[in-house]
Amino acid sequence: MYKSLLQAGARLKPLQQVHGQIITNGLSYSRSLLTKLITLACSAGSIIYAHQIFLTVQNPDSFLFNNLIKSFSKCGYPFDAIVSYQKMRTFGLVQSNFTFTAVIKACADLSALKFGRVVHSHAIVSGFASDSYVQSSLVSFYAKSGDLVVSREVFDTMPERCIVAWNSMISGYEQNGFSKEAIDVFLGMIELGVQPDSTTFVSVLSACSHLGALNLGTWVHEYITGNGFDVNVILGTSLINMYSRCGNVGKAREIFNGMLELNVVTWTAMISGYGMHGYGNQAIQLFYQMKAQGPKPSDVTFVAVLSACAHAGLVDEGRKGFDSMKKSYGFVPRMEHHVCMVDLLGKAGLFDEALQHIQSVPGKPAPAIWTALLGSCKMHKNFDLGVKVAEQLLGVEPDNPAHYVLLSNIYASAGRMDRVEMVREIMINKGLKKQIGYSSVEIDHVTYTFFMGDKSHPETTAIYQYLDELMRKLKQAGYVPEQEPVMFALEEEEGEFALRYHSEKLAIAFGLMNSRDKTTVRIFKNLRMCIDCHSAIKFISIVTDREIIVRDKHRFHHFKQGVCSCRDYW
DNA sequence: CTACTCGGCC
């Protein structure tokens with residue numbers, strides 16, 4: 001009978017047949033047979049069947065419980081894993097490192113910080129908290145639950161760290177938005193001579209994308225190829241993302257062209273890369289190529305396509321794409337698709353059609369949809385609609401500072417300074433703060449960040465001198481600061497002298513000072529660029545004869561010889 | 001019987 005089980009292997013149907021034989025032969029009491037059956041059922045991926053068999057076993061032992069908990073947590077049933085763990089404890093069974101790794105992973109998947117802490121204490125009591133597997137899972141658990149301090153503590157106390165522990169720490173930082181810390185851990189591991197693997201690279205490249213750290217990302221790419229690592233489809237897609245999000249979409253396409261295997265995510269990443277750079281035609285062209293010879297587009301592919309159309313003002317293509325996603329591909333449009341459509345129509349000034357689109361959305365439109373329309377109102381200075389939309393938005397999300405800031409902008413554009421003041425007071429009363437704007441620039445693998453009017457940098461005097469001199473040249477070239485009233489309450493930074501010392505201007509000055517002539521300067525800004533900076537940078541690209549690439553909250557702007565790739569359509 | 005499974009979107 002045991003042989004029959006082995007022959008059946010990890011296949012559900014044959015296992016069920018052997019199970020039937022076990023029952024008819026009256027062998028259901030045999031724990032060894034049922035244990036084997038359960039482990040095989042787990043490997044076959046049928047956790048439900050495995051659980052059914054488990055329930056028929058009298059006095060299940062630790063081994064069986066460990067298997068069940070592991071299978072539950074592996075197959076996406078973390079809650080059942082925890083319930084089984086509790087049951088195991090009430091049975092008074094001995095727990096092991098196997099038990100803890102499995103149940104801690106379940107806690108990680110649920111971000112169940114409280115219960116995970118309890119499990120951690122159980123592990124300490126039973127002496128398994130010093131097991132390297134358990135420690136690695138704890139690093140991952142605390143990181144996924146958002147407690148990076150304890151995650152790091154566990155990591156630091158590990159006597160020896162295997163690659164999984166390093167990866168857990170790096171991806172933990174990265175997924176919580178601590179890209180810089182993720183990179184520091186990575187650099188630390190390289191310094192110690194620890195060999196990274198492809199999981200490490202994916203996390204590190206993602207961190208580079210977020211920071212806009214092109215030099216470091218390129219170094220990682222060279223490390224990958226230089227050390228003979230296989231660039232699989234996931235790693236290749238990470239590289240495409242890194243290059244396009246760091247401003248080098250041409251290099252992203254080179255990677256794309258060189259890849260042996262392309263899946264739907266890869267295609268989507270490349271289309272999205274073109275989109276965020278404003279290269280709508282390339283995005284559309286690639287999309288057609290995908291339809292002809294690539295995998296079936298997913299609904300995310302359509303987000304990328306529609307967003308590319310919106311950025312480039314390709315209204316007809318966008319409408320066509322939206323229709324075909326419904327009719328030819330059978331996707332039900334999600335909030336993201338509606339956001340793209342409203343953005344597309346609104347930016348093109350087609351407000352009636354945008355409103356019609358919103359009305360066609362089943363149920364209550366998500367705030368993001370109204371935000372998209374509001375952005376267009378601001379772009380086209382459509383005050384009446386803008387005020388209506390903003391007020392609507394405040395009804396839905398009364399505590400989101402970004403809405404108040406946008407509303408205040410609209411009032412300011414309309415010259416209603418009394419209302420601007422009113423909005424300001426509401427914000428103060430509610431204790432709402434605007435997001436602080438900052439810009440960063442990478443020089444020799446180090447990222448420097450500047451805030452508006454920042455004077456914290458050691459070279460501050462030189463930077464401000466350089467900037468003043470630069471502004472003088474700009475004015476000679478015909479630059480006129482755009483001192484519209486809207487500037488004074490803009491979403492990013494306060495007006496007044498700030499206009500001259502907006503974070504992006506400081507970052508650009510620092511970038512120009514610290515790079516060779518004719519080279520491209522790349523800047524990252526966390527919020528949207530303002531109109532004045534956009535205009536100033538066009539002039540900077542002329543008087544310094546440099547190409548300047550700025551990534552703002554939504555897209556890339558390539559400034560060259562006084563022209564921006566967005567064609568002022570943003 | 002173990003831990004990390006990572007990439008696409010405003």
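In the text below, chain A, chain B and the rest are named by the order of the sequence lines, each starting its count at 1. All heavy atoms count here, side chains included; hydrogens, waters and symmetry mates do not.
- Taking atom CD of residue A/Q175 and atom P of nucleotide B/dG8, one finds them 10 Å apart after rounding to whole Å.
- Phosphate contact (OP1/OP2 of B/dA3, side-chain N/O of A/S140, threshold under 4.0 Å): absent.
- In this structure, the CE atom of A/M88 is 16 Å from the P atom of B/dC1, given to the nearest Å.
- Atom-to-atom, CG of A/L138 to P of B/dC4 comes out at 11 Å; the value is rounded to the nearest Å.
- Here the C1' atom of nucleotide B/dC4 and the CE atom of A/M158 are 11 Å apart, to the nearest Å.
- In this structure, the CE atom of A/M270 is 16 Å from the C1' atom of B/dC9, given to the nearest Å.
- The side chain of A/S171 contributes no N or O atom lying less than 4.0 Å from OP1 or OP2 of B/dC6.
- In this structure, CG of A/D230 is placed 18 Å from P of B/dG7, rounded to the nearest angstrom.
- Taking 4.0 angstrom as the limit, A/K144 places none of its side-chain polar atoms (N or O) nearer than this to OP1 or OP2 of B/dC6.
- B/dC1 has A/F98 stacked on its base ring, the centres lying under 5.5 angstrom apart and the planes within 30 degrees of parallel.
- Considering only side-chain N and O atoms, A/R161 lies nowhere under 4.0 angstrom from the phosphate OP1 or OP2 of B/dA3.
- Here the options are A/E153, A/R152, A/H120, A/R117, the test is side chain to side chain donor-acceptor pair (under 3.5 Å), and the partner is A/Y142; only A/H120 passes.
- Scanning atom types as modelled, no donor and acceptor separated by under 3.5 angstrom connect the side chain of A/S168 and the base of B/dC4.
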For this session: Check step by step if side-chain contact (heavy atoms from CB on, under 4.5 Å) holds for A/T199 and A/V202.
Result: CA-CA 5 Å; A/T199 304; A/V202 172; 5.9 Å; no
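- Of the residues in residues 293-300 of chain A, those placing a heavy atom less than 4.0 Å from an atom of DNA chain B are A/S298, A/V300, in numerical order.
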